[in-house]
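No hydrogens, no waters, no symmetry mates; every other heavy atom, side chains included, goes into these values. Quick caveat: nothing in here was measured; it's all calculated off a predicted structure. The sequence lines fix the lettering, A, B, ..., with proteins before strands; numbering per chain opens at 1.
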Amino acid sequence: MLPSEFKAEVARGGNGLYSLEFELKRMVLAVQEFMVMSGRAIANIFRRPHYWSDVLAQMDIIGVGSFPIVALTGFFSGAVLALQMYDTLATFGATAKTGTMVSASLVLQMGPVLTALMVAGRNSAGIASELGSMTVTEQIDAMRALGTDPLKKLVTPRLLATVVVLPLLTIIADLVGVCGGFVISYFVMRLSATQYWTSTYRDLALEDVAHGLTKPFAFAFAVALVGCYYGLRTRGGTQGVGRSTTQAVVAASILILALNLLITKIFVRT
Amino acid sequence: MAMPPPALEFSNVTLIFDDVVALDNVSFRVYPGDSLVVLGVAGSGKSVMLKLSLGLLRPDAGEIYLFGEQITSIGEQELFAIRRRVGMVFQESALFDSLTVAENVGYPLVNQPGGPPPDEVLEECVREALRFVELEPAIDKLPSELSGGMRRRVAIARAIVSQPPLVLYDSPTAGLDPITAHTIMTLVLKERDTANVASVLVTHRLQNGHLLANFRYDPASAEVMPAGQNGGRSQTRFLVLQKGRVVFDGDQQELSRQQGSYVGKFAMKPR
């Protein structure tokens, strides 16, 4: 809810500086609310009661439901990487390294980021619209009135499910992506299969895999919590639900890209 | 004998949304088995009052007590335990639209801290609550398959399934035809008079208050009859709200004597 002075200021056309001050305060307040909600949702993992059946249901919706788009994204990303890399590597006579380039790009960057973006587009939006609809139809209030904590019942299961399935989906995207790279390398570029798979396997260090699998854990928090946050703060009927859904996808995507930069900076020693 | 603590008490409660006063220094008490009818035009603070009663909103000033326990300064986690002793029927029913009628009604029993009861106990409790509202055949339906009146009845079943000593009704007859509205009010009377629960009824129809004040549910004949016959009359008080302020607090006789322009409109005898 905006402070009354701010609303009055906006209504009369507003002093820009004054409006900016309140806009910044509103953003700080939103960050604070998000952090409080996230802290409670994480703390609820260790508090009873646990809604394991809801966690499993969400794993099915988020994990199994996202499998086709994640697999397709991985395949086409790997294929296009092979196509692009082969062309560049041919300049240096290093086409034998195509597998290395595809696997490194997929495991370190494209696999985790594209998977998280696809899941954010599908599930942050889904979570925001579901919880948003529940908020505007007083179902969240009803839940509280019936003695159930909505954060425990709705947010924590979605967070747990996303933290478990997003790394698995990322591994699937990476594997399918490497296969996509192989299809292009073998059938289009006529590279040897042994050469492709050997370079893919041999040049991928354990540290790269750890780097690539740290990201989806962090991205899972962005996907689940941003969706829940925008859903639970929905106001204004069906129009409000639409607005929350859009905001959730935009905010989750930006947060994923920012976290990717941060984690990459931590792992890449320069 | 010492009087039991009120089931619900407001003590000088004020709530302000930005610069709009939603409730202004409101005080009242509802004792076990009694009824409070809250009248007022739309936007007078009636629904807000019910949300405050459950701790869904926090007052800016004053104190609220549920069963003698102060709820205004306790944490949300402690509130969940107290809320389980209160039934609430929301204005638009607020049924969980992805759950069936049985799952909606059984929700308070399934989601309690001690875990759900055995399946057969759960089913019997759900069926009993649905029999109470005469909707047992709809047990496997989804809320979207029900009419508005049926949804309200399911909401009542959900509110009473755990047998709470206090039930709050937020405009349970709003938007319903007179026959369905009468059915709903019969259920409110039935719950009050068979289980002796305290009831708070928010409404803008005096007829509903008139029913609560002058009639009772007779379990033997399963009919509503004038409260004078065979005793068993609970105390019914009326509260009239205007712009968040209490402009009348008294019984039906006092209300019918009111001549003021605002309260008088509510005091007009139902035809």
*Just how far is it from atom CD of A/E138 to atom OG of B/S47, taken to the nearest 0.5 Å?*
7.5 Å

*asked:* For B/E76 and A/R40: C-alpha separation, side-chain torsions, deciding distance, then whether salt bridge (charged side-chain N to carboxylate O under 4.0 Å, His left out) applies.
replied: CA-CA 12 Å; B/E76 182 81 358; A/R40 284 188 187 160; over 6 Å; no

*Segment of A/M143 engaging chain B (4.5 angstrom heavy-atom cut-off)*: both

*What are the two closest heavy atoms between B/F90 and A/A142, and how far apart are they?*
CE1-CA, 3.5 Å

*Select one option (side chain, backbone, both, neither) describing which atoms of B/L79 are under 4.5 Å from chain A's heavy atoms.*
neither

*Assess whether side chain to side chain contact (heavy atoms under 4.5 Å, CB included) is satisfied between B/R83 and A/L146, documenting all intermediate values.*
CA-CA 6 Å; B/R83 284 182 193 140; A/L146 293 165; over 6 Å; no

*asked:* What part of B/F96 gets within 4.5 angstrom of chain A, counting heavy atoms only: side chain, backbone, both, or neither?
replied: both

_Take a 6.0 Å sphere around NZ of A/K153 and say whether it holds more than 12 heavy atoms from other residues, nucleotides or ligands._
yes

*Atom CG of B/L56 and atom CD1 of A/I140: how far apart are they, to the nearest 0.5 Å?*
11.5 Å

*Do you know which of B/M88, B/K51, B/Q112, B/Q91 has the most heavy-atom pairs with chain A at a distance under 4.5 angstrom?*
B/K51

_Can you confirm whether B/Q77 is buried at CD, in the sense that more than 12 heavy atoms of other residues, nucleotides or ligands lie under 6.0 Å from that atom?_
yes

*CG of B/N104 to CD of A/Q139: how many Å apart, nearest 0.5 Å?*
8.0 Å

*Sort out for me which of B/A81, B/P164, B/A94, B/A155 touches chain A most, counting heavy-atom pairs under 4.5 Å.*
B/A94

*asked:* Would you say that B/F80 contacts A/T148 through its side chain, given a criterion of any heavy-atom pair below 4.5 Å between the two side chains?
replied: no

_Whether the side chain of B/R84 engages the backbone of A/G147 through a donor-acceptor N/O pair (distance < 3.5 Å, no angle test) should be reported._
yes

_Taking side chain as everything from C-beta outward and backbone as N, CA, C, O, which of these in A/T137 sits under 4.5 Å from a heavy atom of chain B? Side chain, backbone, both or neither._
backbone

*Looking at B/I82, B/V20, B/L95, which one has more heavy-atom pairs under 4.5 Å with chain A than the rest?*
B/L95

*asked:* Is it the case that over 12 heavy atoms from other parts of the model lie below 6.0 angstrom from the CD atom of A/Q239?
replied: no

